[in-house]
Amino acid sequence: MIKKNNWKGWLYLAPIIILMSVFTFYPLISTFLIAFMKNYDYQVQTSEGFTFDNFGIVLHIIPIVSGNAEPAWVTDVIEYAIPNTLIITFVTVPLSIIIALAIAVGLNSIPKFQKIFQTIFFIPYVTNSIAVGMVFAVLFDYKGIINFLIGDMGSPWIDQGAPRWKAMIALCIYIIWSSLPFKILIFLSGLAGIDKQYYDAAKIDAAGRFKTLMHVTVPLLSPQILYVMITSFIGAFKEYDSVVGLIGKPGTDAGTNMYTVVYYIYDSIGRNQVDYASAAAVLLFIVILAFTGIQFWVSKKRVHY
Amino acid sequence: MEIRLKHLTKIFPGNPKKNIPDTHAVEDLNLTIPDGKLYALLGPSGCGKSTTLNMIAGLSEPSSGEIWFGDEDVTDLSPEKRGIGLVFQNYALYPHMTVYKNVAFPLTNLRVEEEVKDASGNTVLDGEGKPLIKKRKLTKIEIDKLVRETAKIVQIEEYLWRKPNQLSGGQQQRVAIARALVKHPRVLLLDEPLSNLDARLRLQTREEIRRIQKSTGITTIFVTHDQEEAMSISDEIVVMKLGVEQQSGLPQEVYNEPANRFVANFLGTPPINFFHGEIKDNKIYVGDAMVKEIVDKKLPDQKVTVGIRPEGIVPNPKGVLPFHVDQIITQGRDILIQGDHPEETRPCKFVVDAFTDVKVGDIRCDVKPHKCFAFSLEGNEERIA
Ligand SMILES: Nc1ncnc2c1ncn2[C@@H]1O[C@H](COP(=O)(O)OP(=O)(O)OP(=O)(O)O)[C@@H](O)[C@H]1O
Ligand SMILES: [Mg+2]
């Protein structure tokens, strides 16, 4: 019986399997293969055999063979893409989670205007990120409102000639801002699921507000926190569109000082260096995989379902 | 410590726009709960028991009235300052903490006052010559000692390292009691703590609550809708209906002398039997049968509701009250008889000795006068005889 009807099941699954094969599995496998191909030529799809060199070149451990004078892009990854991505990840993710949690808990405790504020905080989410980026670009313009407020008119944040650290601050603020709504939404729905009796119990047990937050709310919200943490770490490692949205180009100088890993990958493809792009993508994949694995492992002890 | 409720009222406001009326959850409640006793708040679902308890705990603010703990007015005191332990209707144990941490949690928030001593152990005095008092947290060792002591009282020592979801209902309930008891509260409040348990465990746990209450001597208020539960373990009970006190006193007293039809109906299993009857010449009649003679007072002739407890009806071939027996249910120790009488308000039930000889069909019965009451048909249907 079961065997006879098996083809039906496959038939139902066929559309998604075909789509995933074309758009997910095939590119994924190709990327892995290309990452290990020597001098892969994208146009004619030929290579000169197997190699580990692509990784070395991306990480600027191995010099590229051709020519004596190295092109500028060889140090992009090690000098800009990796540090920038790490800064973005480890600054924006923890900060945005803490801020989102604080806002969600705050919203949850003022039932009166909750709906209005919820809407306000959700507006950035339904707004195009490039549009939000343009708003931030105006705010951080060298004659923008931020400089007006801090009384430093004319010194650039994100415009040509701005120091890398200042552009980084503006970028992180922008990323945190635009990542808040989704997190707040998740936390609010999690908070709504917590039985009010635990808070009554905490009151009877004479726990203060902060202690209740740390010992009751956060543990009971831990599944949502883990979900948000894992998805935002993955998202932050892949940050790219925020740089485009805010700065519009890979750097505040003539170069690429605002590169992220994905920005580098994108530009490599433009330079017809699909093999280096693939190698960088594989490295990023491994880092994200390892990092997510660590989070799951740590969460085994800390998350209470 | 004695607890007094004075004119305690709780009104949940409705919404006039949507035509939702106010809910008078508790109405002008006056109670004195004696020191060191187990006191039961008894009443059907929705009569305001939990609301009363929450007001005593400080979780809900009274609309009017006062709450006194001994000679301290605690009406406006926040819950953590009242020194109460509360066991919630569904325990509300913190699911992410072990039993040990659950019980220890209230202690980690506790501050004890202590006289400050100098290096040689002498009491340090403050500016006015009084001993200098400092507040401090409990140490880990002190907490551990208290947790283990309390765990021993409620017998949960073996489960200290489990999470609440790894415990049975009865064990969870004991943990909840431990969490409430560990800080040595002035008052212990229990909200239907047995409602989640099966019949056998319920019996066992209620004995345990009784034992714990006796051994600690803490004034305890126990909320239940199960009259048997309330009768069997409490020192005193109060019966409530729709937020209004009906009667309070010793359980047996309330059972033997119910103030009105509601109380008589609510107490006792199987429930009391009601008949349409009347008082004539100071005698109570059901149909033609004279079931009781009123001796202590003179009452005018009137229609009444007659209530007879199930144990107050005794089969006797020469008895006054005729019955038609429908069903005989053997319950081991005794027999439950279900029968009909033309004047009944619902099928009658009565309990007789297992060796009584009864058969389905028409029988006659005697009525024990002290198990027979007459209730007025007017107002709150007070008992008049
Ligand atoms: N927050 C509230 N808002 C409006 N009405 C409420 C609220 N809480 C309780 N009530 C009403 O007050 C009345 C008393 O409720 P309460 O919870 O005290 O009943 P209870 O005696 O504990 O019942 P149960 O035995 O079912 O637990 C009920 O009619 C209930 O609907
Ligand atoms: Mg209740």
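As the structure is a prediction and not an experimental result, all values here were calculated from the model. Proteins get letters first, then strands, A, B, ... in listed order; numbering begins at 1 in each.
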- Message: For residues 216-232 of chain A, which residue pairs pass the side-chain hydrogen bond (donor to acceptor under 3.5 Å, both in side chains) check, not counting sequence neighbours?
- Response: A:Tyr199-A:Thr217
- Message: With heavy-atom distances below 4.5 Å as the criterion, would you say the side chains of A:Asp205 and B:Tyr94 are in contact?
- Response: yes
- So with a 6.0 Å cut-off around CZ of A:Phe296, is the heavy-atom count from everything else above 12? no
- Should we count NZ of A:Lys196 as having more than 12 external heavy atoms under 6.0 Å? yes
- Please flag which part of B:Lys101 lies under 4.5 Å from any non-hydrogen atom of chain A: side chain, backbone, both or neither. neither
- Closest heavy-atom pair, B:His96 versus A:His215, reported as atoms and distance to 0.1 Å, is NE2-O, 2.6 Å
- Message: In the structure I gave you, are the side-chain heavy atoms of B:Thr108 and A:Lys211 within less than 4.5 Å of one another anywhere?
- Response: yes
- Note on the structure: One should read off an interatomic distance between B:Leu86 CG and A:Lys203 NZ, to the nearest 0.5 angstrom, of 11.5 Å
- Query: Taking atom CZ of B:Arg111 as the centre, does the number of heavy atoms from other residues, nucleotides or ligands within less than 6.0 Å exceed 12?
  - Reply: yes
- Item | Closest non-hydrogen atom pair, B:Pro95 against A:Leu220 | CG-CD2, 3.4 Å
- Message: Just to be sure I understand the criterion: a residue of residues 8-25 of chain B counts if one of its heavy atoms is under 4.5 Å from a heavy atom of chain A. Which ones qualify?
- Response: none
- Message: Could you check whether any side-chain heavy atom of A:Ile204 comes within less than 4.5 Å of a side-chain heavy atom of B:Lys183, counting everything from C-beta outward?
- Response: yes
- Item | Flag if over 12 foreign heavy atoms under 6.0 Å of CD1, A:Ile110 | yes
- Non-hydrogen atoms of A:Ala201 and B:Ala92 that approach each other most closely: CB-O, 4.1 Å
- Atom CG of B:Asp71 with >12 non-hydrogen neighbours under 6.0 angstrom: no
- Query: Do any pairs count as a side-chain hydrogen bond (donor to acceptor under 3.5 Å, both in side chains) and have a residue in residues 72-87 of chain B, sequence neighbours left out, and if so which ones?
  - Reply: B:Glu72-B:Arg186, B:Asp73-B:Thr75, B:Ser78-B:Glu80
- Message: Between B:Leu107 and chain A, with a heavy-atom cut-off of 4.5 Å, which part of the residue counts as in contact: side chain, backbone, both or neither?
- Response: neither
- Note on the structure: Here the gap from A:Asp200 atom CG to B:Asn54 atom CG, rounded to the nearest 0.5 Å, amounts to 6.5 Å
- Does a sphere of radius 6.0 Å around NZ in A:Lys238 hold more than 12 heavy atoms from other residues, nucleotides or ligands, not counting ones at 6.0 Å or beyond? no
- Query: How would you list, in number order, the residues of residues 55-66 of chain B that have a heavy atom less than 4.5 Å from chain A?
  - Reply: B:Ala57, B:Leu59
